[in-house]
Amino acid sequence: MTHRRDLRDEIDELFADLWQVSRLGGRRRGFRPHVDSFRTEDPPEFTVLVEIAGIDPAQVNVTASDGVLLISGERRRQPCEGRVYQQIEIEYGPFERVVHLPEDVDVARADARYERGVLVIAMPIAAKKEAPQPVPIAIRRGS
């Protein structure tokens, strides 16, 4: 049931982005930070970039399990008493992004850093195991 609700929320958010539903309309319950992910050969690693400007990195949770990287947190609006907005474009609220990881990523050696509003998560690619070599087994005659 939770999966359906998450999927529905994801679809609602995508349609809201497509038709630029007003943030004042109450349909949006957070924001969706942009994510890039890519693989490099030199050095051999898988990197995830998450655009989270305006968020204290200590308030961001990053966990990896079952081949998935989960990034979650919240961008909070500063108290705004006395403000009369003319324009509101910055999105606030909770977020959660999921990135599927390649099988050969070594999440135990992941490194995360925050650079100029972008969370950079670099995970080394595990060394390829050598293909097992065939081992001949001699057959003896039974007595």
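Given the structure is predicted, the values throughout are model-derived calculations rather than measurements.
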If I take atom [atom1] from residue [X] and atom [atom2] from residue [Y], how far apart are they, to the nearest 0.5 angstrom?
X: Arg83; Y: Arg77; atom1: CZ; atom2: CZ; answer: 8.0 Å
X: Leu119; Y: Ile52; atom1: CG; atom2: CD1; answer: 4.5 Å
X: Thr40; Y: Ile125; atom1: OG1; atom2: CD1; answer: 7.5 Å
X: Asp104; Y: Phe46; atom1: CG; atom2: CZ; answer: 10.0 Å
X: Asp66; Y: Leu101; atom1: CG; atom2: CG; answer: 10.5 Å
X: Thr63; Y: Leu69; atom1: OG1; atom2: CG; answer: 7.0 Å

TODO: Tell me who clusters with Val68, hydrophobic residues only, linked when side chains sit under 4.5 Å apart either directly or through other members.
DONE: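 Same cluster as Val68: Leu70, Val98.
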
Open item on the list: Please check if the number of heavy atoms outside Glu115 that lie under 6.0 Å from its CD is greater than 12.
Closed with: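 Enclosed: over 12 neighbouring heavy atoms sit under 6.0 Å from CD of Glu115.
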
Task: Backbone N/O of Ala122 and side chain of Arg113: donor-acceptor pair under 3.5 Å - done: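 No, the answer is negative, given that no donor and acceptor are paired below the 3.5 Å cut-off.
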
Tell me the closest heavy-atom pair linking [X] and [Y], and the distance in Å.
X: Cys80; Y: Tyr85; result: CB-OH, 3.9 Å
X: Pro136; Y: Pro134; result: CD-O, 3.8 Å
X: Tyr114; Y: Gly54; result: OH-N, 3.9 Å
X: Asp106; Y: Met123; result: O-CB, 4.3 Å
X: Pro102; Y: Arg39; result: CB-NH1, 3.7 Å
X: Pro33; Y: Arg97; result: O-NH1, 2.6 Å

Task: Audit row: Phe31, Ile90, side-chain contact (heavy atoms from CB on, under 4.5 Å) steps and yes/no - done: CA-CA 9 Å; Phe31 79 104; Ile90 299 173; over 6 Å; no

Going only through I, L, V, M, F, W and Y residues with side-chain contacts under 4.5 Å, is there a path from [X] to [Y]?
X: Leu49; Y: Ile71; result: no
X: Val60; Y: Val35; result: yes
X: Val99; Y: Val50; result: yes
X: Ile121; Y: Val107; result: yes

- [ ] For a side chain to side chain contact (heavy atoms under 4.5 Å, CB included) with Ile55, tell me which candidate from Arg76, Glu74, Arg75 qualifies.
- [x]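 Running side chain to side chain contact (heavy atoms under 4.5 Å, CB included) over Arg76, Glu74, Arg75 with Ile55 returns exactly one hit, Arg75.
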
TODO: Show the numbers, then the answer: is there a side-chain contact (heavy atoms from CB on, under 4.5 Å) between Val62 and Val48?
DONE: CA-CA 11 Å; Val62 180; Val48 177; over 6 Å; no

